[in-house]
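A short write-up of the structure that comes next.
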Amino acid sequence: MHTQTPEASFFDRVYEVVRLVPRGRVTTYGAIAAYLGSGRGARMVGWAMNQSHACRQYVPAHRVVNRQGMLTGKHHFGGPRLMQQLLEGEDVRVERDQVQDFKRLFWDPARELPLP
DNA sequence: TGATTGACCAACT
DNA sequence: CAGTTGGCCAATC
């Protein structure tokens, strides 16, 4: 574990951070981008999640939402309902594609993790 | 190898 | 206050 080779791509770092999101908590694309480096665009994090299926390990992509706590990526799961069901399975309430109590459940890697 | 795309975000009109 | 635009940067066409 932590076999972070210097050749690790930006995507691999995104996956590693997402894996660290605790069960029942959520984070955002922008927060991950900011944690990895202020220059990286949040869109890249979204694109990384799109390719997350290529990652050998499990990536809880359903715990990543946009800045408003909205399930913008739900369409990229098995079905438009799967992302919400996965979150509700972790006691995260979702209504109209929005995470309820988002501010309270928000997990900021820059605040919860040591500096990279 | 240039142009396009994208599960975003902030600023601007 | 809602809709549009530009920027971020790697991957894909």
Side-chain angles (χ1 to χ4, degrees):
Chain A
M1 57 197 71
H2 303 284
T3 326
Q4 196 167 337
T5 66
E7 314 232 349
S9 65
F10 176 73
F11 281 29
D12 294 327
R13 288 187 221 173
V14 172
Y15 301 147
E16 189 163 346
V17 173
V18 175
R19 266 185 239 121
L20 295 173
V21 179
R23 184 183 176 282
R25 304 289 297 276
V26 292
T27 190
T28 70
Y29 305 98
I32 295 171
Y35 173 73
L36 294 178
S38 57
R40 271 51 175 252
R43 308 178 96 194
M44 284 296 81
V45 178
W47 185 251
M49 301 318 293
N50 189 11
Q51 299 297 311
S52 64
H53 66 88
C55 185
R56 298 180 220 161
Q57 302 184 35
Y58 170 66
V59 179
H62 58 278
R63 295 180 192 149
V64 185
V65 296
N66 75 350
R67 185 89 179 130
Q68 308 171 3
M70 204 170 184
L71 278 57
T72 51
K74 64 173 182 178
H75 252 249
H76 291 266
F77 288 78
R81 294 271 164 162
L82 184 56
M83 185 177 186
Q84 177 170 344
Q85 288 175 354
L86 288 170
L87 286 170
E88 288 175 339
E90 300 182 355
D91 300 321
V92 176
R93 275 219 306 153
V94 178
E95 258 176 53
R96 284 171 300 183
D97 297 339
Q98 271 182 179
V99 176
Q100 304 298 298
D101 290 329
F102 168 66
K103 188 177 178 181
R104 193 167 60 88
L105 297 176
F106 175 55
W107 184 87
D108 187 358
R111 213 185 63 160
E112 305 286 346
L113 294 177
L115 296 174

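Chain identifiers are assigned alphabetically (A, B, ...) following the order of the sequence lines, protein sequences preceding nucleic acid strands; residue numbering begins at 1 within each chain.
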message: Given C:dA11, B:dA10, B:dA7, identify the nucleotide with an atom nearest to the side chain of A:F77.
response: B:dA7

field: Closest listed nucleotide, where the reference is the side chain of A:R43 and the choices are C:dC8, C:dA11, B:dA7
entry: C:dC8

- request: Grab the OH-C1' distance between A:Y29 and C:dC9 for me, whole Å please.
  value: 17 Å

Gap between atoms CH2 and P, on A:W47 and B:dT5 respectively (whole Å): 11 Å

message: Counting runs of three or more consecutive pairs, Watson-Crick or G-U wobble, with each distance below 3.5 Å, where are the stems of DNA chain B?
response: B:2-6 with C:9-13, B:8-13 with C:2-7

- prompt: What's the closest nucleotide to the A:M49 side chain, out of C:dT12, B:dA7, B:dA10?
  reply: B:dA7

field: Between B:dA7 (P) and A:L82 (CG): distance, integer Å
entry: 17 Å

- prompt: With the threshold set at 4.0 Å, does a side-chain nitrogen-carboxylate oxygen contact exist between A:R111 and A:D108?
  reply: no

query: How many Å lie between NE2 on A:H76 and C1' on B:dT5, as a whole number?
result: 12 Å

query: Which part of the nucleic acid does A:N50 contact within heavy-atom distance under 4.0 Å: base, sugar-phosphate only, or nothing?
result: base

query: What is the ring orientation for A:Y15 with A:F11, classed by angle as parallel under 30°, tilted 30 to 60°, or perpendicular over 60°?
result: perpendicular

task: Taking only the side-chain nitrogens and oxygens of A:T28, find out if one of them lies under 4.0 Å from OP1 or OP2 of B:dC8.
output: no

message: Students often get this wrong, so: under 4.0 angstrom with heavy atoms, is A:A48 touching a base, only sugar-phosphate, or nothing?
response: nothing

task: Using atom types as modelled and distance alone, determine if a side-chain donor or acceptor of A:Y29 lies under 3.5 Å from a backbone N or O of A:W47.
output: no

message: So for atom CZ, which belongs to A:R96, do other residues, nucleotides or ligands contribute more than 12 heavy atoms lying within a distance under 6.0 Å?
response: no

field: Separation of B:dC8 P from A:F10 CZ (nearest whole Å)
entry: 14 Å

task: Using whole Å, report how far CG of A:N66 lies from P of C:dC8.
output: 21 Å

task: Look at the side chain of A:Q100 and the backbone N and O of A:Q98, then say whether any donor-acceptor pair between them is shorter than 3.5 Å.
output: yes

field: Nucleotide B:dA7, atom P - distance to CG of A:L86 in whole Å
entry: 19 Å

task: Among residues two or more places apart or on two chains, list those pairs meeting side chain to side chain donor-acceptor pair (under 3.5 Å) that have a residue in residues 57-71 of chain A.
output: A:H62-A:E90, A:R63-A:E90

statement: Rounded to whole Å, CG of A:L36 lies from C1' of C:dC8 at a distance of 14 Å

task: Determine the contact category for A:F11: base if any of its heavy atoms lies under 4.0 Å from a base atom, sugar-phosphate if only primed atoms, P, OP1 or OP2 are that close, otherwise nothing.
output: sugar-phosphate

Check: A:R19 side chain, A:V59 main-chain N or O, donor-acceptor pair, under 3.5 Å: no

